[in-house]
Amino acid sequence: MLFTSGSVDSSTPAPRSAARLEATSELNSSNGLSFKRYTVRDVPWSINVVRIDRSKTNFALTTTMGGGTRQGLRTITQQLRTIPKNVGRPVAAVNGDFYQTEGDEYSGDPRGLQIINGELVSSPNDRVSFWIDTNGAPHMQVVKMNFAVTWPKGDQTAFELNEDRGRIPVLFTSAIGRSTKTSNGLEFVLEKAGDAWLPLRPGEKYQARIRDIVEGGNTKLDKDTLVLSFPRLSGGAAQAKVGDVISLSTETTPSLKGVQTGIGGGPALVRDGQAQPARVSKANDRHPRSALGWNDKEFLFVTVDGRQPRLSNGMTLGELADFLAKLNCTEAMNLDGGGSAEVWMEGKVLNSPCYGHERSTANALVLVEKVSGNEN
């Protein structure tokens with residue numbers, strides 16, 4: 001996954017409501033990274049911007065999970081230590097998607113899409129997702145999941161992936177943990193029955209054999225099996241038996257086949273260079289914020305500190321969208337904010353988290369520098 005070429009435009013914008021914008025801290029790297037902190041004293045605002053030169057062919061974007069190879073909650077600094085060496089050396093990161101918080105049975109479950117090194121670990125929701133296609137181009141769009149199981153007689157059942165099971169069946173992989181964490185219902189333990197198998201990838205079809213049918217929930221998971229969990233059986237599921245071969249589809253619209261990196265967030269803040277209105281909860285309140293932006297020359301990891309009256313009050317989503325447009329972003333997406341807002345570069349947390357320390361989060365979007373000999 002390589003980025004398209006171009007040079008970095010380092011012009012300094014001013015937010016619409018700012019009286020005076022000052023660059024108070026800078027850090028430049030010879031490898032195509034730069035950092036600048038902008039402050040506006042009369043609000044106040046403290047805005048942290050990491051710029052990434054897209055012409056650097058040894059750069060790639062990846063994601064992390066809070067539990068390393070499983071969903072969970074850890075700080076970004078801890079998550080970065082779990083990145084395999086063959087993926088690359090982490091050089092910059094920003095916190096990622098909204099997620100199930102502490103104390104929940106599925107703590108660390110991202111609300112939306114996540115693809116990590118080609119593995120599909122979380123399904124999309126009704127907000128926009130970000131991904132890099134197989135040609136290296138970035139995208140921001142709502143992704144519709146068409147996940148379905150086809151039973152031996154041809155009827156189909158929709159399913160979701162790696163999350164708290166409601167009325168819709170859920171397919172669980174070992175990325176969720178050691179077991180499904182469910183209670184009640186019936187669960188089908190599935191093993192390989194065709195050529196393609198795990199890790200689960202988007203845009204694929206898998207043949208699976210029903211190895212066991214477990215009643216009561218909380219079925220164990222491992223890297224070689226899947227578990228399809230039902231609150232109650234109906235249709236083809238009610239007629240299925242041990243030994244049957246079924247088909248699983250992870251198709252999406254648009255197709256994410258072959259995508260190596262994807263992450264959820266939202267809402268969209270900039271499209272075609274124009275700031276977008278945000279109609280979501282707390283959009284008009286000032287809070288710490290995080291965002292991902294880009295144009296044909298660079299990616300930008302951006303955080304706005306907040307809830308610290310002497311340093312920074314935070315931004316509304318409208319103020320953030322306006323600022324990102326003035327940073328020359330042609331596209332930009334909101335990420336989780338509040339205590340999660342964090343940007344990291346070359347071993348350092350560069351912003352001021354509102355709790356005074358790093359918060360444990362579900363995932364992060366990470367820039368890695370490819371090690372020589374490991375380029376994809």
Side-chain angles (χ1 to χ4, degrees), residues 13 15-18 21-25 35-51 66 73-79 92-102 108 110-112 127 130 263-270 275-276 278-293 300-327 329 332-345 348-366:
R16 176 173 50 206
S17 57
L21 186 72
E22 301 176 7
T24 58
S25 180
F35 166 73
K36 188 173 287 188
R37 178 177 297 120
Y38 302 104
T39 59
V40 179
R41 297 182 181 181
D42 64 331
V43 179
W45 277 331
S46 177
I47 310 161
N48 312 279
V49 180
V50 170
R51 294 177 181 268
L73 295 172
R74 288 183 187 171
T75 66
I76 288 180
T77 297
Q78 292 170 327
Q79 290 180 39
V94 65
N95 66 284
D97 197 2
F98 302 86
Y99 56 92
Q100 296 295 101
T101 54
E102 299 88 345
R111 297 280 179 85
R127 290 191 175 186
F130 167 82
I263 199 165
L269 297 175
V270 179
Q276 301 295 298
R279 299 179 178 89
V280 295
S281 175
K282 301 180 181 179
N284 296 321
D285 300 331
R286 283 179 169 168
H287 290 288
R289 304 286 185 182
S290 292
L292 165 70
L300 294 89
F301 293 169
V302 179
T303 64
V304 182
D305 294 321
R307 301 175 187 169
Q308 300 167 77
R310 294 185 179 181
L311 174 70
S312 185
N313 283 335
M315 281 185 173
T316 69
L317 287 183
E319 289 167 337
L320 179 58
D322 186 67
F323 182 69
L324 291 165
K326 289 182 170 64
L327 280 173
C329 292
M333 182 178 83
N334 184 55
L335 299 169
D336 188 20
S340 301
E342 181 180 335
V343 67
W344 178 100
M345 176 175 154
K348 296 180 180 180
V349 177
L350 298 178
N351 67 309
S352 177
C354 67
Y355 294 147
H357 58 80
E358 286 187 90
R359 182 183 187 183
S360 293
T361 58
N363 57 21
L365 182 63
V366 183

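Throughout, numbering of the chain's residues begins at 1 and tracks the sequence.
Closest heavy-atom contact between N48 and D305: ND2-OD2, 3.4 Å. L269 and L317 get closest at one heavy-atom pair: CD2-O, 4.0 Å. Taking every heavy atom of both residues into account, P44 and P309 meet most closely at CG-O, 3.4 Å. G293 and C329 get closest at one heavy-atom pair: CA-SG, 3.8 Å. The nearest pair of heavy atoms linking A325 to A275 is CB-N, 4.2 Å. G264 and L335 get closest at one heavy-atom pair: O-CD2, 4.1 Å.
Atom NE2 of residue H287 and atom SG of residue C354 lie 10.0 Å apart, to the nearest 0.5 angstrom. To the nearest 0.5 Å, atoms OH (Y99) and CG (D336) are separated by 5.5 Å. The distance from atom NZ of K36 to atom CG of L350, rounded to the nearest 0.5 Å, is 14.5 Å. Interatomic distance, CZ of R279 versus CG of N284, reported as 10.5 Å (0.5 Å rounding).
Using a 4.5 Å cut-off on side-chain heavy atoms (C-beta onward), V94 and V50 make no contact. Within the 4.5 Å cutoff, no side-chain heavy atoms of K282 are placed close to those of V280. Side-chain contact between W45 and E319: present, with at least one pair of heavy atoms (C-beta onward) separated by less than 4.5 Å.
In terms of modelled atom types and a separation under 3.5 Å, the side chain of R289 and the main chain of M315 share a donor-acceptor contact. Side chain of Q276 to main chain of A321: no donor-acceptor pair is present (N/O by atom type, distance under 3.5 Å, no hydrogens or angles). Side chain of N351 to backbone of A341: a donor-acceptor contact under 3.5 angstrom is found. Under a 3.5 Å cut-off, the side chain of N334 and the backbone N or O of A291 do not form any donor-acceptor pair. When atom types are taken as modelled, the side chain of Q79 and the backbone of T361 share a donor-acceptor pair closer than 3.5 angstrom.
Residues passing the side-chain hydrogen bond (donor to acceptor under 3.5 Å, both in side chains) test with D97: none are found, sequence neighbours excluded. Considering only residues two or more places apart in sequence or on other chains, F130 meets the ring-ring contact (aromatic ring centres under 6.0 Å, His included) condition with W294. Considering only residues two or more places apart in sequence or on other chains, A93 meets the side chain to side chain contact (heavy atoms under 4.5 Å, CB included) condition with I76, L80, W344, V366.
Results of the side chain to side chain contact (heavy atoms under 4.5 Å, CB included) test with S312 over V40, I47, V43, V304 single out V304 as the only residue that passes.
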Exercise for the section: Under the side chain to side chain contact (heavy atoms under 4.5 Å, CB included) rule, what do L327 and V49 come out as? Steps first, then yes or no, please. Expected result: CA-CA 10 Å; L327 280 173; V49 180; 4.2 Å; yes

Handout entry: Working for side chain to side chain contact (heavy atoms under 4.5 Å, CB included), residues R359 and E342
Key = CA-CA 9 Å; R359 182 183 187 183; E342 181 180 335; over 6 Å; no

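Note that R127 lies in the cation-pi zone of F98, set by a 6.0 Å cut-off to the ring centre and a 45° limit from the axis.
N95 and S290 form a side-chain donor-acceptor contact under 3.5 Å, judged by distance and modelled atom types alone.
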